[in-house]
Amino acid sequence: MISKCLFPVAGYGTRFLPATKSMPKEMLPIVNKPLVQYGVEESLEAGLHEIGFVTGRGKRAIADHFDVSYELEHQIAGSSKEQYLTSIREVIAKGSFSFTRQSEMRGLGDAILNGRRLIGNQPFGVVLSDDLCVADEDGEGVLTQMVKLFKQFRCSIVAVQEVPEDQISKFGVIAGNPIKDNIYQVNEMVEKPAPEDAPSNLAIIGRYILTPDIFEIIENTPPGKNDEVQLTDALMTQAKNGCVLAYKFKGRRFDCGSVAGFVEATNFVYENVYSQE
Ligand code: G1P
């Protein structure tokens, strides 16, 4: 049984200043929809309807976005503008939304640990909403693919993609034994290695399925790269003690944490999604 998904959304979004000075970076729109809504829709499609956000200061707009705006509903009810609310109405109807706050930024591992009270003792998905993932035409979303795999293997899974050597130091990188098409059993994981130290060109992107023993492992994981508690390090411990899989997903990923990736995603969504609606 897997029904929950955690969204760490406490980061500052410094690369998008001044736009992100008073607005959460997760609310930046890709065409007409905030970045975080794409991630939530992917999660709902995968059957993960209980959404948990690990937020921080200045992120209240996210909570408001996933709640009904009575004033707005009242103003445009019955008008032709109502159609613009369709997608968010569907999301609000399908999902349940919980929030907890991370008071200090001590790394992705620490953010996940903060989400423990929202998750409890169940396997769960994680979406880093900076990574916008789109399915292949007629294909399934990345989380849907991963949930299917989880039901088969019952262990933590990280989504990976091949990246060029000059990009590798931006990611957690894995090495593993192929056990099936596009599936590897992980035996090495390094957070943001120098290209010469990278164990492969398979980079972790912002989609995970985690088993709940990860919380205790994170508690016992010392700060690593950049003096932050790294999820990658905790997953390496999990891989040593049991099993972690890496899955080369089908579909495309855009790095919306960078300006170039954000623009690329915007053009892609405008041409392939928005104009087709
Ligand atoms: C995080 C993870 C990293 C992963 C990346 C994917 O890094 O620590 O392992 O490859 O997300 O987007 P961040 O980009 O938050 O620094």
Side-chain angles (χ1 to χ4, degrees), residues 5-16 20 24-26 28 35-36 38-39 42 53-56 59 102 104-115 125-134 142-143 146 156-176 184 186 188-195 197-210 214 217-218 221-239 244-249 251-262 264-265:
C5 194
L6 204 58
F7 285 68
V9 293
Y12 292 126
T14 31
R15 267 179 286 182
F16 285 88
T20 47
K25 63 172 175 167
E26 295 79 12
L28 291 172
L35 198 41
V36 66
Y38 290 91
E42 188 188 323
F53 292 97
V54 180
T55 71
K59 299 282 181 167
Q102 184 187 14
E104 266 179 281
M105 312 274 232
R106 293 194 301 194
L108 179 59
D110 184 59
I112 302 292
L113 187 58
N114 265 268
V126 173
V127 169
L128 307 185
S129 53
D130 278 358
D131 282 338
L132 173 62
C133 292
V134 291
V142 177
L143 266 185
M146 292 172 78
S156 289
I157 308 170
V158 298
V160 293
Q161 71 174 177
E162 288 177 27
V163 298
E165 199 182 312
D166 63 336
Q167 300 282 311
I168 205 87
S169 61
K170 293 207 253 166
F171 298 90
V173 182
I174 71 109
Y184 304 81
V186 172
E188 213 181 328
M189 267 179 141
V190 191
E191 179 67 9
K192 305 197 174 88
D197 299 329
S200 79
N201 65 344
L202 289 173
I204 303 170
I205 64 115
R207 299 291 182 277
Y208 306 78
I209 304 275
L210 301 176
I214 197 73
I217 300 176
I218 297 173
T221 300
K225 189 86 185 180
N226 302 328
D227 211 24
E228 293 179 334
V229 179
Q230 297 296 347
L231 178 60
T232 303
D233 296 343
L235 280 163
M236 183 62 227
T237 305
Q238 212 179 29
V244 172
L245 299 180
Y247 172 57
K248 215 156 86 178
F249 63 94
R252 276 188 77 166
R253 165 222 176 232
F254 297 92
D255 171 18
C256 295
S258 78
V259 174
F262 188 90
E264 207 188 326

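Just so you know, residue 1 is the first one in the sequence shown, and it goes up from there. Note that the coordinates shown come from a computational prediction; the quantities given were computed from them, not determined experimentally. Order of appearance sets the numbers: ligands from 1, and atoms from 1 within every ligand.
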For [atom], what's the nearest protein heavy-atom neighbour? Residue, atom name and distance, please.
atom                    : result
atom 2 (C) of ligand 1  : Glu191 OE2, 3.7 Å
atom 12 (O) of ligand 1 : Asp131 OD2, 3.0 Å
atom 11 (O) of ligand 1 : Leu128 CD1, 3.3 Å
atom 5 (C) of ligand 1  : Ile204 O, 4.0 Å
atom 16 (O) of ligand 1 : Lys192 NZ, 2.7 Å

Open item on the list: Within ligand 1, which atoms have a heavy atom of Thr232 less than 4.0 Å away?
Closed with: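 Atoms satisfying the 4.0 Å criterion: 9 (O).
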- [ ] Record the part of Leu231 in heavy-atom contact with ligand 1 below 4.0 Å; permitted values are side chain, backbone, both and neither.
- [x]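 Looking at Leu231 and ligand 1, no heavy atom falls under 4.0 Å.
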Open item on the list: We want to know whether Ser156 and Gln238 form a side-chain donor-acceptor pair, criterion being a heavy-atom distance below 3.5 angstrom.
Closed with: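 Checked: Ser156/Gln238 side chains pair up, N/O donor to acceptor below 3.5 Å.
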Task: Polar contact flag for Arg253 and ligand 1 (N/O pairs, less than 3.5 Å) - done: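 Between Arg253 and ligand 1 (N or O atoms, distance only) the closest approach is not under 3.5 Å.
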Open item on the list: Are any of the N/O atoms on Gly172, whether in the backbone or the side chain, positioned under 3.5 angstrom from an N/O atom of ligand 1?
Closed with: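 Yes: some nitrogen or oxygen of Gly172 is under 3.5 Å from one in ligand 1.
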Open item on the list: Tell me whether Glu264 is salt-bridged to Arg252, with the criterion being a basic N under 4.0 Å from an acidic carboxylate O.
Closed with: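 Salt bridge present between Glu264 and Arg252.
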- [ ] Give a yes or no on this: more than 12 heavy atoms of other residues, nucleotides or ligands lie within 6.0 Å of atom CZ of Phe16.
- [x]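 Yes, CZ of Phe16 has more than 12 neighbouring heavy atoms, counting only those of other groups under 6.0 Å.
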Open item on the list: Yes or no, since that's all I need: does a protein heavy atom fall within a distance strictly under 4.0 Å of atom 9 (O) of ligand 1?
Closed with: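 Answer yes: something from the protein, a heavy atom, is under 4.0 Å.
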TODO: Could you tell me which residues satisfy salt bridge (charged side-chain N to carboxylate O under 4.0 Å, His left out) with Lys170, sequence neighbours excluded, listed by chain and number?
DONE: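 Not a single residue meets the salt bridge (charged side-chain N to carboxylate O under 4.0 Å, His left out) criterion with Lys170.
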